[in-house]
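In what follows, a structure is listed as structure tokens, so that the remarks can point back to it.
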Amino acid sequence: MSGTLRCVIVAVDGSEESMNALRWALDNLNRRLPAPDSDSPGRFLILHVQSPPSIATGLNPGAIPFGGPSYLEVPAFTAAIEAHQKRITEAIISHALEICSEKNVNSNIIETQVVVGNPKEKICETVENLHADFLVMGSRAFGPIKRMFLGSVSNYCSNHAECPVMIVKNST
């Protein structure tokens, strides 16, 4: 890989693996971005994909007992999940920005974005929409059984993203 990078996306999910991927990107790709004062400055986009509340809980609050309709949503339940997810997302983004600060990265090149949906699809969609030059993500190293049921976001993105993908694995 050679040349200048205009847009680097780092996908973070709050795991230590994703934060290590962010550290790797800042250490290895920061100098490849155009200067912030250039005609077309580069940027690091820290991307977090938040699951929709129904997926985040992995459950539905269920039918109203004693014969109530099963299609009704319980607004308080949904609102509580959304508030909880918002707090988690804020903590993830805050932690990522702390890492950027520790690495003394120019804050003018750092952007954050939160999208809601399936991580596999939303990461690739963001790469495409922003014409990203490079995607960096961590790998949780699920075993074969978990990977079979949950799928591997990093594997999916490495096969579907429209740019080079660096999967940073933790060294043991």
Do Lys122 and Glu125 pass the salt bridge (Lys or Arg N to Asp or Glu O under 4.0 Å) test, and can you show the C-alpha distance, the side-chain angles, and the key distance before you say yes or no? CA-CA 5 Å; Lys122 290 299 180 179; Glu125 184 180 297; 3.5 Å; yes

Flag yes if [X] and [Y] sit in one hydrophobic cluster, no otherwise; membership is Ile, Leu, Val, Met, Phe, Trp, Tyr, and two members link when side-chain heavy atoms are under 4.5 Å apart.
| X | Y | result |
| --- | --- | --- |
| Ile92 | Ile99 | yes |
| Ile109 | Met166 | yes |
| Val127 | Val116 | no |

Test side-chain hydrogen bond (donor to acceptor under 3.5 Å, both in side chains) applied to [X] - qualifying residues, sequence neighbours left out:
| X | value |
| --- | --- |
| Asn159 | Asn155 |
| Glu111 | Arg43 |
| Lys86 | none |

Would a 4.5 Å heavy-atom cut-off, applied to side chains only, mark Pro119 and Tyr156 as touching?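 Counting from C-beta outward, Pro119 and Tyr156 never come under 4.5 Å.
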
Under 3.5 Å donor-acceptor, Gln50 side chain and Gln85 backbone: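 Such a contact is found between Gln50 side chain and Gln85 backbone.
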
Please check: side-chain N/O of Asp133 versus main-chain N/O of Cys7, any donor-acceptor pairing under 3.5 Å? yes

Set of salt bridge (charged side-chain N to carboxylate O under 4.0 Å, His left out) partners for [X], sequence neighbours left out:
| X | result |
| --- | --- |
| Glu128 | none |
| Glu162 | none |
| Glu102 | none |

With rounding to the nearest 0.5 Å, note down the distance linking SG in Cys163 to CG in Leu135. 5.0 Å

Nearest-0.5 Å distance, CG of residue Leu22 to CD of residue Glu17: 13.5 Å

[X]: what forms a side chain to side chain contact (heavy atoms under 4.5 Å, CB included) with it, not counting sequence neighbours?
| X | value |
| --- | --- |
| Ala25 | Val10, Leu29, Phe44, Val136 |
| Ser154 | Met137, Ser139, Ser152, Ile167 |
| Thr126 | Ile9, Leu45, Leu47, Gln113, Leu130 |
| Leu97 | Ile46, Ile93, Ile110, Thr112 |

Kindly give the heavy-atom pair with the smallest separation between [X] and [Y], and that separation in Å.
| X | Y | value |
| --- | --- | --- |
| Val12 | His48 | O-ND1, 2.9 Å |
| Asn108 | Asn106 | N-OD1, 2.8 Å |
| Ala161 | Cys124 | N-SG, 3.7 Å |
| Ile123 | Ala11 | CD1-CB, 3.8 Å |

Residues which pass ring-ring contact (aromatic ring centres under 6.0 Å, His included) with His95, listed by chain and number, not counting sequence neighbours: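 ring-ring contact (aromatic ring centres under 6.0 Å, His included) list for His95, sorted by chain: empty.
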
